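Starting off with a structure, shown below.
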Amino acid sequence: MARIKRIFYRPKQLICRWLLPCIALCLTFLSYPLAAATLAVIYPDLPPPYQQVFEQIIEGIETQHVGKVIKYSIDKPLAPDALLNKMDTDGVDRVITLGRRGYAYNNTLRGKYPFVTGALPIRPNDISGVSLIADPANLFDQLKILSPNTRQVHVVYTDQSEWLIEKAQRAAAKKKLKLITAKVADLGEAVERYQTILQEADSLTDAIWLPLDTTTANENVILPLLLRESWDRNFVVFSSKPGHVRRGFLFTLFPDNMQDGSRLARMVANMKKGEKGPGVELSLTRQVGVNLRTASHLGLEYNATMKNSFYQTFPQSGF
Amino acid sequence: MIFFGRHRHKSIWQQLLLFLIVSICLLSITSSVTAVWVSYNQSRQVLQQNSLRIADNLAHLSVLSLITASKENAHDALSQVLGFNDVTGVAIFSDSLDLLLKQGDVDWKNSDLDLWFPINAATTVKNTGSAWFIAAPVYLENTDPLSNDSGAQEFSLENNTKSLLGYVMIKVSKESLVKLINNLIIYNLLVTLIISILLIWLLNRGLRHLTSPLSQLSETMNEAQTSGDHLVAEIEGPREVQQMARSFNAMMNSLEQQENKLIELNTGLESEVEVRTHELVAARDTALVAMRTQSEFLANISHELRTPLQAVTSYIELVTEELEIHPEFDAQVEDLNSALHSSQRLLNLINAILDLAKCEAGKMDLSAQQCSLTDLIKETENTIRPLAAKNKNRFTIDHPSGDLYLNVDKEKIQQILLNLLSNACKFTEQGEISLKCYLEQNKIYWEVADTGIGIPKEQLAQVFNKFKQVDGSVKRKYGGTGLGLAIAKHYAEMMGGSVTVSSKPNKGSVFTFWITIPNEEKY
């Protein structure tokens, strides 16, 4: 009794000895579900420099995800059941698949775990994830910066890229650019269309945008044609594929892997909370790679500040 | 070995040089042929590989033209390929083998196309002596050729697909290859020839230098053999040649020493021979002078003895004839006969000595005359038969049938036969004595055989010496001068013949006398 009395009659002691520990204990119990979130990242085991891409994405995931991240680096094809058993054992409750090998497990994961996909140029279907395809709005932003005189942008596309064109139209309109689109059925039509554009368009105000389309941006036919003709006619050509800037197009956007990883972690966390999958989101990267030689050929000059802001420039030293 | 056998008379450096030249030529030819063959194969492979790559590149360049079915685009692609030196013709076909465009010199038959296509990669579809026809498929691929590894594939959802658009064909001439091979052959031969000449020149000098000590040694040996001098070889060159030179020099020294000794011995011998020769000449001259003096003395003394002796004999015969008329002087007659007989013997002895002396003095002459062999034998028989009968010996004659006329000194032949036969009669009692005459080739033989006492073997060689009889007892028993056989032998030798004897004691003797007769003498 004497002890109880002391508690009730001494409020300062009560707070210090009993109330604060109790509050701390409660907070600990409340925060436990968040800390227990276990995220599995399934990605291919590749040699450098490709491995660096996945490491950056995972780093982005880890900055966003509060909880445990388990990495499943796929060296050899792993049986889906074996992977599921392993994830059960590890207590995984959400999954991010990266790259083609990770993408291959999407059907296995469907209905069992909430999952999103990254590190691929995915197009809208019944999956969610962040595509490697850059948002046309960002592309047009960069176009305005790098080629201020451009007023019209020509794009040739197939069914494969049609979903992007609507977004591009809106983005172009916002940037006060005229997007002239031409849908083609095959490579032959694409060649003809490009030849028409090159003959008819004005190189001072017009530019050509190459979407990530296997037909209208065919590496073996369209690229050599456009590279040669654009060089001869001083056309601004930019591409959605990072590698094209190295080959001589004016610019492209390189993926922001950490940003993509962070977005993927957030996306799968929301899905875990019960939200519906957001579908495919475009890359919001603004990391621009510029071919300074092409720019110089086109008469475009950039000051030092601008050059410092470029993510990569080409040709790189030593080439 | 055949190679060296044919050139065994050449010097060692010539043989070595020849052998090395042949070896170098063989090696050069073999290496040249091999180099040309290897170069040809490698060049052919390189050209073919390059042609395959050109076809692949053309296929790559032809994608646009086949997609657009544009001859203009095809023209651009074909023009680029026609720029290659060896490409003489190009053509592009659609996947259904319809010709899109052809440039340059390239021909085919439609039936060929069905045989050559389809193909999956660049292939030599036809190979003629002058050109290759190389075809390649034209594919449309959707992948980035610069990022086609497995890592890059991980960032793409597109599968690698390729679809056949058509074919390209190039005709590659082999003219440059043939030209290259011709140049290779010419340059190889030239280089080989130059190197061979240089090598041969170097080898010639080197071998001459190496073998010069051997050649010098050989020359020294040859000179030593030719001149007979004891030359000394220079000791130089390789170890073996130096050893040979040392051995040769040692041999020359040894020979020189031996020859010096021989010369010394020879000089001594020659001096001695000269001395002996002088002595012998002096002795011979003395002997000749003595013999001549003796012969002259004998001739003179015989003549001087014979003259009074003949007078004595004549007077004894005269006295004997006168006293024979008176029987009371028979005893004196008998004594006178004994004296006459002794005188006769003395005269005969003197005559014999005179003849022998003449022979030895070289003053006996032959007086050849033609005579009948039959007459000669008959006269001899008449003389000898009484002598044979005296000791109761049987005398037989055997001579060739028919007659033979000889141009000889009849007296001397008869004298020889009488000497031989009288000896036979004298030394044979109650035996047989035979005279056999026969011709053999161009010689005429007289063989006198008896069955008398014979002559011991050790004394046969002396029977022809003058004043020589078998022994003293014989002389005492049978008498005689001992000059008959000596005279017979002298006469026979004067006539180009000889007298030989064979005998066995107590069996008898056979004396054979022969002379050579000229061929023209006939029966």
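In what follows, chains carry the letters A, B, and so on, assigned in the order in which the sequence lines appear, proteins first and then strands, with residues in each chain numbered from 1. Small disclaimer: the values here were computed from a predicted structure and weren't measured.
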Of the backbone (N, CA, C, O) and the side chain (C-beta and beyond), which part of A:Leu225 lies under 4.5 Å from a heavy atom of chain B, both, or neither?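 The side chain, not the backbone.
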Does any N or O in the side chain of A:Asn220 come within less than 3.5 Å of the main-chain N or O of B:His60, such that one atom is a donor and the other an acceptor?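 Checking the backbone N and O of B:His60 against the side chain of A:Asn220, no donor-acceptor pair under 3.5 Å is found.
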Surrounding NE2 of B:His209 (heavy atoms of other residues, nucleotides or ligands, distance under 6.0 Å), is the total greater than 12?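 Open.
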Heavy-atom pair of closest approach, residues B:Ser156 and A:Pro121: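 Minimum heavy-atom separation between B:Ser156 and A:Pro121: CA-CD, 4.1 Å.
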So for atom CD, which belongs to A:Glu162, do other residues, nucleotides or ligands contribute more than 12 heavy atoms lying within a distance under 6.0 Å?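 It does: A:Glu162 CD has more than 12 such atoms within range.
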pair B:Val63-A:Asn218: side-chain heavy atoms closer than 4.5 Å: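 Result no, sub-4.5 Å side-chain heavy-atom pair not found.
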Neighbour count >12 (heavy atoms, 6.0 Å) for atom OH, B:Tyr139: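 Atom OH in B:Tyr139 is packed in, count exceeds 12.
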Flag if over 12 foreign heavy atoms under 6.0 Å of CZ, A:Arg293: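 Counting other residues, nucleotides and ligands, CZ of A:Arg293 stays at 12 neighbours or fewer.
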Atom CG in B:Leu140, atom OG1 in A:Thr215: separation rounded to 0.5 Å?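 Reported to 0.5 Å precision, the distance equals 8.5 Å.
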Heavy-atom donor-acceptor pair, B:Glu154 side chain to A:Arg100 backbone, under 3.5 Å: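 Flag set: sc B:Glu154 to bb A:Arg100 pair under 3.5 Å.
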Contacting moiety of A:Glu189, where chain B heavy atoms sit under 4.5 Å: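 For A:Glu189, no heavy atom lies under 4.5 Å from chain B.
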Please classify the contact of B:Leu66 with chain A as side chain, backbone, both or neither, using a heavy-atom distance under 4.5 Å.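 Looking at B:Leu66, nothing touches chain A.
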A:Leu132 portion near chain B, given a 4.5 angstrom heavy-atom threshold: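 Contact with chain B: side chain only.
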B:Lys102 NZ: over 12 foreign heavy atoms closer than 6.0 Å: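 More than 12 heavy atoms, drawn from other residues, nucleotides or ligands, come within 6.0 Å of this atom.
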Step through the shown structure and confirm whether more than 12 heavy atoms of other residues, nucleotides or ligands are within 6.0 Å of CH2 on A:Trp163.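 Atom CH2 in A:Trp163 is crowded, with more than 12 foreign heavy atoms closer than 6.0 Å.
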Could you have a look at A:Ile122, A:Val221, A:Leu120 and say which one has the most heavy-atom pairs with chain B under 4.5 angstrom?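 Option with the greatest count: A:Leu120.
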Is the distance between the ring centroids of A:Phe54 and B:Phe155 under 6.0 Å?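 For A:Phe54 and B:Phe155, the ring centres are under 6.0 Å apart.
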